[in-house]
Amino acid sequence: MKFIHTADLHLDSPFRGLDEMPTQIWQRVHQSTFTAFERIVDDAINQQVDFVLIVGDIYDRDHHSAEAEDFFIHQCRQLAKQQIPVYLSYGNHDYQPVTEQLNSLPNNVHVFGNQVETKTLTLADGQIVAITGFSYGKRWLVEDQTSKFPKKGTADWQIGMLHGAISQNNPDQDHYAPFTLSELLQKKYDYWALGHIHKHQVLNEEPLVIYPGNPQGRHKNEDGHHGYYLVQSDADKLTAEFKSVAPIEWCEIDAQLNHDQTADSLIEMLLHKEKTEDRFKMIAFNIHLTGQVNDLTKKLLANGTILARLQERLSEKGDYQWWPYQLNLLKDTALPKMTDLDQKYWDQSAKDVFSQAAVIDLADKLAKYGFIADQLADPSLVKQLRYEASQKLGEGDHDEN
Ligand SMILES: [Mn+2]
């Protein structure tokens, strides 16, 4: 048995706020979620896998684009031509009622219904594979779904497809089919194909319990390598190998601004900060201001001049290996200095205000402004909000002194 496990394709991610860049780069960014999946399909065909598993979030938003759907159907047809079946479940980003008549996908695509169900397939060598899963019918699934999965039956291989997050034992956070690892292991399955968390990770070795991550990161909080897992059997054992496919890698690079640095010398330094590799990189530079700095350089940093000049320099060469899309000014003290008492209140309020639940609640209230709700639904935003709020507080604190 040989199969591909992927999830969280987020096809046609909007990459908001990044459209002010050379067309050549914007197209690369905009196409990246498509390219990543195309590479997975090519690999499936070249590797002659028995089937492909896609565990939720095929599309980036509740109302996905026609372009994304057309692309996805086309790719599934490529797999159909090679008789490769696809097993698919919808996640919290593309939740929908699953009904026969709505299904415009080719016949090789098997979509899991909104209730947990098991589908079986017979491999060329006669082995039987049972695959159990479900699709989200709504944005949140607060109840544990794993309890509805049957224990391993008579099939040669049993695989569970689960788009969800490990239970935090907190009703404010457990919105995505919460589960525990021991619960999964009790089912005696041969493989757990997870989805939802965008960073690839192996939660358990025997049996394998794996998050493949999204095949293409969408912003700097989804940095590093992105791809899928190729899983193969050797006698009665399964091994999984991570395969990188993302055409774009998001990076954050730290740099120090010294007191005698001019705009020109800073630009030179940033130009040489990044060694180019095989992968195209989108880079956010974090410039740390330590001690006394050249005031003029600081002003040119703050008003965007230095970023614009850096981009100009790269555009002159025209051969893009990387692109600086952001330049962040960071004071040495990332967090404000507060008395212990203040810190206590800050920690408490930060917990209440910047919880994912509070932000999602706000997103629901702003639902009529679709673009705002979409932004707020992004978990990485909570981190960003918390960080920026503490920066602002830090500035206030500084002014008083
Ligand atoms: Mn996702």
Side-chain angles (χ1 to χ4, degrees), residues 4-16 29 32-37 40 52-65 68-69 71-72 75 86-96 98 111-112 114 133-142 145 160-168 173-179 192-203 209-229 242 244-246 248-250 356-357 359-360 363 370 373-384:
I4 278 178
H5 169 201
T6 184
D8 300 276
L9 308 180
H10 290 267
L11 293 175
D12 208 7
S13 277
F15 295 104
R16 283 195 191 84
V29 171
S32 62
T33 52
F34 295 102
T35 308
F37 185 56
I40 294 176
V52 174
L53 306 178
I54 309 176
V55 193
D57 289 1
I58 289 125
Y59 302 107
D60 195 56
R61 280 174 285 176
D62 307 341
H63 305 287
H64 57 254
S65 71
E69 188 169 339
F71 169 84
F72 186 66
Q75 293 302 321
V86 175
Y87 291 86
L88 171 166
S89 61
Y90 292 112
N92 58 299
H93 274 272
D94 50 2
Y95 62 90
Q96 52 191 280
V98 177
V111 181
F112 283 91
N114 298 120
F134 65 91
S135 286
Y136 280 55
K138 50 187 178 182
R139 182 184 294 205
W140 285 1
L141 276 180
V142 294
Q145 302 295 312
M161 281 174 63
L162 175 59
H163 189 93
I166 288 186
S167 169
Q168 306 295 310
Q173 290 175 13
D174 292 337
H175 296 142
Y176 306 108
F179 65 89
W192 277 97
L194 305 181
H196 184 58
I197 301 297
H198 288 182
K199 195 172 178 59
H200 67 91
Q201 53 201 290
V202 177
L203 294 190
V209 179
I210 293 181
Y211 276 117
N214 49 351
Q216 172 60 61
R218 298 168 306 157
H219 41 68
K220 66 178 173 187
N221 294 332
E222 297 180 351
D223 57 356
H225 290 197
H226 283 257
Y228 67 91
Y229 278 88
F242 179 74
S244 193
V245 290
I248 287 173
E249 186 176 331
W250 297 85
Q356 188 65 29
V359 174
I360 286 173
D374 280 351
Q375 290 274 22
L376 291 173
D378 186 343
S380 68
L381 184 82
V382 179
K383 215 168 107 186
Q384 184 71 19

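Values in this document were obtained by computation on a predicted structure and should not be read as measured data. Both counts, for ligands and for their atoms, begin at 1 and track the order of listing.
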(message) Would you say the rings of F37 and F72 are close, in the sense that their centroids are separated by under 6.0 Å?
(response) yes
(message) Can you tell me how the ring of H226 sits relative to the ring of H200, calling it parallel under 30°, perpendicular over 60° and tilted otherwise?
(response) perpendicular
(message) Distances under 2.8 Å only: what protein N/O/S atoms are near the Mn ion (ligand 1), ordered by chain and residue?
(response) D8 OD1, H10 NE2, D57 OD2, H198 NE2
(message) Less than 4.5 Å apart, side chain to side chain, heavy atoms only: is that true for I166 and F179?
(response) yes
(request) Answer whether the closest heavy-atom distance between the side chains of P212 and Y229 falls below 4.5 Å. (result) yes
(message) For H10, give me all partners under side-chain contact (heavy atoms from CB on, under 4.5 Å), at least two apart in sequence or on another chain.
(response) D8, S13, D57, D60, H93, H198, R218
(message) Below 30° counts as parallel, above 60° as perpendicular, anything between as tilted: where do the rings of W250 and F15 land?
(response) parallel
